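This report refers to the structure that appears directly beneath it.
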Protein chains: 2
Amino acid sequence: MTSDPDTGELASELRVVLGQLIRRLRTEHAFPISQGAVLGRLDREGTSSIGRLAEAERMRPQSMAQMVADLEAAGLISRRPDPSDARRSLVELTRQGRDTLEADRRDRASWLAGAIDGELTPSERRRLAASVELLRRIAER
Amino acid sequence: MTSDPDTGELASELRVVLGQLIRRLRTEHAFPISQGAVLGRLDREGTSSIGRLAEAERMRPQSMAQMVADLEAAGLISRRPDPSDARRSLVELTRQGRDTLEADRRDRASWLAGAIDGELTPSERRRLAASVELLRRIAER
DNA sequence: TATTGTTATACTCTATAACTATA
DNA sequence: TATAGTTATAGAGTATAACAATA
């Protein structure tokens, strides 16, 4: 039954469940999902420009500019001009941004963490963790 | 490394990758994700009312009414009054709705199906299919 | 009074178009 | 001319508030 699944059907089912999860997350989670993605990327890859962030997250530069403005207003990132190219802004995590990211990663009380802990056995949690890697490869395609 | 993962960190990573996937899907996919969810539910569970659909998909009745109106305008569902309670509308798939759902399930050329086929090995596809079940249990919590 | 659904309106996230400043 | 970013505006998807019809 789970062996040799038809890819079209798998895609269709995955899409449905992703939609349901993201709707729950949007209402239950404290800050927008893609803000977390940007904070995580800045943490892993260090200082970046707005255009590079937009490309990495597959968003339009205009949308990323808006997000960067919001994150800056919230004090989670800082921005300074690129000394070698005055058109460019260099963006990096503030101390508060790093703390927010850390707090999120430690948050076992979030809706999603609670659902994972409450619904899955330890061995299922390990399987889920392994499949996150598969999902990431698909997303980055 | 993937054994005994911290649930908070797992939740944080899962959230990021779900956000990235959903953004890709929203731009690449033909029709809205949650419309597909409703069509699939009507297919599996048969005729339903708007309130019951809203509850099952964890949406507000007002939002579901809007979606049902859109799906009806697209010819994918039909609606008739409940004979035993004139307040209630009974909603069901039309032939065209069933065909659309079937076509989506067979669509190996969608962005997601293409990414799954192109990026994952057969054994990884089986692991992903198995993890969809885990994600569904979390989403339905 | 409580329930089912609708209409009107607003919010969040992201897109497109038009623009400014710099290269 | 081309590139990096911003501002203004629009769209999709879902929410809240106010309401009408029926139970």
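All values reported here derive from a predicted model rather than from experimental measurement. The chains referred to below are lettered A, B, ... by the order of the sequence lines, with proteins before strands, and numbering in each begins at 1.
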Length of the line joining A:Asp70:CG and D:dT6:P, which is rounded to integer Å: 12 Å

To the nearest angstrom, how far is B:Arg87 atom CZ from C:dT4 atom C1'? 6 Å

A:Thr47 side chain vs A:Glu92 backbone, donor-acceptor pair below 3.5 Å: no

Spatial distance of atom CZ (A:Arg41) from atom CG (A:Asp43) [nearest 0.5 Å]: 12.0 Å

In whole Å, I'd like the distance from the CG atom of A:Asp85 to the C1' atom of D:dG5. 11 Å

Output the single nucleotide from D:dG13, D:dG5, D:dA23 whose closest atom is nearest the side chain of A:Ser89. D:dG5

So does A:Glu9 pair up with B:Arg105, basic N to acidic O under 4.0 Å? no

If you assign A:Ile33 and A:Ala86 each to the DNA chain C nucleotide with the nearest heavy atom, which residue ends up on the more 5' nucleotide? A:Ile33

B:Ile50 CD1 to C:dT3 C1', straight-line distance once rounded to whole Å: 14 Å

Which is more 5' along DNA chain D, the nucleotide nearest A:Gln66 or the one nearest B:Met67? Just name the residue. A:Gln66

Is a donor-acceptor pair below 3.5 Å formed from side chain B:Arg88 to base C:dT4, judging by atom type as modelled? no

Determine whether B:Ile33 and B:Leu76 fall in the same hydrophobic cluster, where Ile, Leu, Val, Met, Phe, Trp and Tyr are linked whenever their side-chain heavy atoms lie under 4.5 Å apart. no

Interatomic distance where CG belongs to A:Leu90 and C1' belongs to D:dG5 [whole Å]: 13 Å

Considering every strand and a 4.0 Å limit on heavy-atom distances, what is the contact class for A:Asp82: base, sugar-phosphate, or nothing? nothing

With a 4.0 Å limit, can you tell me whether B:Ser34 has a side-chain N or O closer than that to the phosphate oxygens OP1/OP2 of D:dG13? no

For the pair made of CG in A:Leu53 and P in D:dT6, what is the distance, rounded to whole Å? 12 Å

Whether B:Arg23 contacts C:dT14 is assessed here as follows: a side-chain N or O lying under 4.0 Å from the phosphate OP1 or OP2. Is that the case? yes

Whole angstrom is fine here: how far is it from CE in A:Met59 over to C1' in C:dA15? 9 Å

Can you tell which of C:dG5, D:dT14, C:dA23 lies closest to the side chain of B:Ser49? C:dG5

Which sits closer to the 5' end of DNA chain C, B:Gln62 or B:Gly19, going by the nucleotide each is nearest to? B:Gln62

A:Ser63 has its side chain closest, among D:dT6, D:dT3, C:dT14, to C:dT14

Check this for me: does any side-chain nitrogen of one of B:Asp117 and B:Arg125 sit under 4.0 Å from a carboxylate oxygen of the other? yes

Calculate the interatomic distance between B:His29 atom NE2 and D:dG13 atom C1'; express it in whole Å. 15 Å

By nearest heavy atom, map A:Arg26 and A:Arg79 onto DNA chain D; which one lands nearer the 5' end? A:Arg79

I'd like to know if B:Arg60 reaches the base of D:dT14 with its side chain, counting only an N/O donor and acceptor under 3.5 Å. no

